[in-house]
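Note on naming: letters A, B, ... go to the chains in the order of the sequence lines (proteins, then strands), and numbering restarts at 1 for each one. For the numbers below, each heavy atom of this structure counts, side chains included, while hydrogens, waters and symmetry mates do not.
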There are 2 protein chains.
Amino acid sequence: MIEVLRNHIIARLGNDLDNLDKVLSNFKHITTKRNEQLLQQGDTCKYVYFIAKGCLQVYVYDKDYNETTRDIVIEDNWCSELQSFGSGKPATENIRTVEPCELFAIDRQSFQKMMETVPQFDKVYKQILEASYANSVYRINTFVSLSALDRIKWLMEYRPMIMTRLSSKLIASYLGINKDVFSRLKAQL
Amino acid sequence: MIEVLRNHIIARLGNDLDNLDKVLSNFKHITTKRNEQLLQQGDTCKYVYFIAKGCLQVYVYDKDYNETTRDIVIEDNWCSELQSFGSGKPATENIRTVEPCELFAIDRQSFQKMMETVPQFDKVYKQILEASYANSVYRINTFVSLSALDRIKWLMEYRPMIMTRLSSKLIASYLGINKDVFSRLKAQL
DNA sequence: CGTGAATGATGACAAAAGTCTACAATTTCA
DNA sequence: TGAAATTGTAGACTTTTGTCATCATTCACG
């Protein structure tokens, strides 16, 4: 299973990395069931997760305690609450598994050590950050300008796997649409 | 005016920087009127701007050619279209001044050179990226879960200067609210 | 400093999205 | 596998948001 992570890194940095095995040894393999809580808001985010298999939900609660999903992250991607992870401050977001998962987790101390001793690891971090940021920007721009129906169409175009693989409830909370409305709109496509 | 930039960097990295003047020499001072176009979508974003004075708007167009504002950036902050700037690909966003501005611009080549030769500059870049990302995450989480009225309240709380300093039209497009609706809701606060 | 253009406010109406209830379908896990 | 829980669909209704037209106000700029 660690091969997925190995290939992920090689794909980004090439396979001329002396230290790749050293880097990989810093990751802890975690197998989870579905609906496991990886991070609770208020706690410090201790890990950056690489998802070898499965799917994670990053979410917050609105004032009526409804979940609103900031991000849905599938295999071959990274997931964390970088604000909290980087600063050690309490997290403002929650993370849970929405499917059984195979994860590789690296803690803050190892992460820092890798950043300092393996220059390429620093590059990977920048790539994660840049990709996360690009994703957010894209999401804001579509979100602010599109109607509920157009957001659904956008999701089918941009992340079709999400539409077929996950529950309507989750998708609706990702799109910022009430689940009843989502059900109605989906029917009229 | 370059003092603003100098102080900004010192505040983040301390003033024990041998190379600070060398770094600053890479920035071009630009004075603008209001409503000047700094970046047009489709073009490559050539600069990262530091705003010493004034205010920039980062925006896109929806399908009816209405502006939707992804970000409003005021003095003592950085602004760019990092996706395009980093990759050289066409920008998906537009940037314009909404006030007369004093800017310091650094082009891609100088930026790369500084990243490689001045380790602290790399740190500044990471800080810009992290701050931009944090800002986006915050924006998504409030945006998805709040009603139009609550978004206005949020803005008054979180970025009060925006409310008093800029036009309703601009604020409405930042909040993703129709300007007529914005006017009505503001009246009932 | 005056004027033309841009911005802001408001009312009437239309459309979109949210809420609630009930029930059917599906899924989970013991 | 089968019962309990969760999820999905649908209709009736409410609330929120958007649109359009009009007029007042403010602001930018020569």
- Query: Nearest to the side chain of A/Lys169, which nucleotide is it out of C/dT7, C/dT10, D/dG8?
  - Reply: D/dG8
- Message: Is any side-chain heavy atom of A/Leu155 closer than 4.5 Å to one of A/Leu175?
- Response: yes
- Taking the six-membered ring of A/Tyr174, is the NZ or CZ of A/Arg139 close enough (under 6.0 Å from the centre) and on axis enough (within 45°)? yes
- Note on the structure: note: A/Leu185, atom CG; D/dG8, atom C1'; distance rounded to Å ~ 14 Å
- Note on the structure: For nucleotides 20-30 of chain C, 5' to 3', base contacts (B), sugar-phosphate-only contacts (S) and non-contacts (-) with protein non-hydrogen atoms under 4.0 Å give B-------SS-
- With respect to the side chain of A/Ile177, which nucleotide from C/dG18, D/dG8, D/dT19 is positioned closest? C/dG18
- Query: Judged by modelled atom types alone, do B/Thr69 and B/Gln57 share a side-chain donor-acceptor pair under 3.5 Å?
  - Reply: yes
- Message: Hydrogens and angles aside, do B/Ser136 and A/Ser136 bring a side-chain donor and acceptor to less than 3.5 Å of each other?
- Response: no
- Query: So what does A/Ser183 hit on the nucleic acid, given a heavy-atom distance under 4.0 Å: a base, only sugar-phosphate, or nothing?
  - Reply: base
- Task: Not counting sequence neighbours, which residues clear salt bridge (Lys or Arg N to Asp or Glu O under 4.0 Å) with A/Arg34? List them please.
- Result: none
- Query: Any Lys/Arg nitrogen of A/Glu75 or A/Arg165 sitting under 4.0 Å from an Asp/Glu carboxylate oxygen of the other?
  - Reply: yes
- Message: Please report the interatomic distance OG1(B/Thr31) to CD(B/Glu102), rounded to the nearest 0.5 Å.
- Response: 4.0 Å
- Whole-Å gap separating C1' (D/dG8) and CG (A/Leu170): 14 Å
- Item | Axis-to-axis angle between the two ends of the helix from C/dC1-D/dG30 to C/dA30-D/dT1 (five base pairs per end, rounded to 10 degrees) | 70°
- Message: Can you measure B/Leu146 atom CG to C/dA17 atom P for me and round it to whole angstrom units?
- Response: 17 Å
- Pull out every residue in residues 147-154 of chain B that has a heavy atom closer than 4.0 Å to any atom of DNA chain D, ordered by number, or say none. B/Ser147, B/Ala148
Atom pairs and distances, side-chain donor-acceptor, residues 79-87 of chain A, under 3.5 Å, sequence neighbours left out:
unit_1, atom_1, unit_2, atom_2, d
A/Ser80, OG, A/Tyr47, O, 2.9
A/Glu81, OE1, A/Gln83, N, 3.1
A/Glu81, OE1, A/Ser84, N, 3.0
A/Glu81, OE2, A/Thr92, N, 3.0
A/Glu81, OE2, A/Thr92, OG1, 3.4
A/Ser84, OG, A/Cys45, N, 2.8
A/Ser84, OG, A/Lys89, O, 2.6
A/Ser87, OG, A/Gln83, O, 2.8
A/Ser87, OG, A/Lys89, N, 3.1

- Distance, rounded to the nearest Å, where B/Leu166 contributes CG and D/dT26 contributes P: 18 Å
- Item | For DNA chain C, the residues among residues 52-69 of chain B that have a non-hydrogen atom under 4.0 Å from it | none
- Query: Taking atom types as modelled, is there a side-chain donor on B/Ser168 or B/Lys186 under 3.5 Å from an acceptor on the other?
  - Reply: yes
- Item | Listed nucleotide nearest any side-chain atom of A/Val181, set D/dG18, D/dA10, C/dA17 | C/dA17
- Task: Round to the nearest Å and state the distance from B/Asn178 atom CG to C/dA17 atom P.
- Result: 14 Å
- Message: To the nearest 0.5 Å, what is the distance between CG on A/Leu103 and CD1 on A/Ile51?
- Response: 6.5 Å
- Item | Salt-bridge contact B/Asp71-B/Arg159 (side-chain N to carboxylate O under 4.0 Å) | yes
- Message: Can you confirm if the NZ or CZ of B/Arg70 lies within 45° of the ring axis of B/Tyr59 and under 6.0 Å from the centre of its six-membered ring?
- Response: no
- Query: Taking 4.0 angstrom as the limit, do B/Lys53 and B/Glu3 come out as a salt bridge?
  - Reply: no
- Item | N/O (side chain, A/Lys186) to phosphate O (OP1/OP2, D/dT9) under 4.0 Å | yes
- Whole angstrom value for the distance that separates C1' of C/dT19 from CZ of A/Phe182: 18 Å
- Query: Are A/Ser110 and A/Asp107 linked by a side-chain donor-acceptor pair shorter than 3.5 Å?
  - Reply: yes
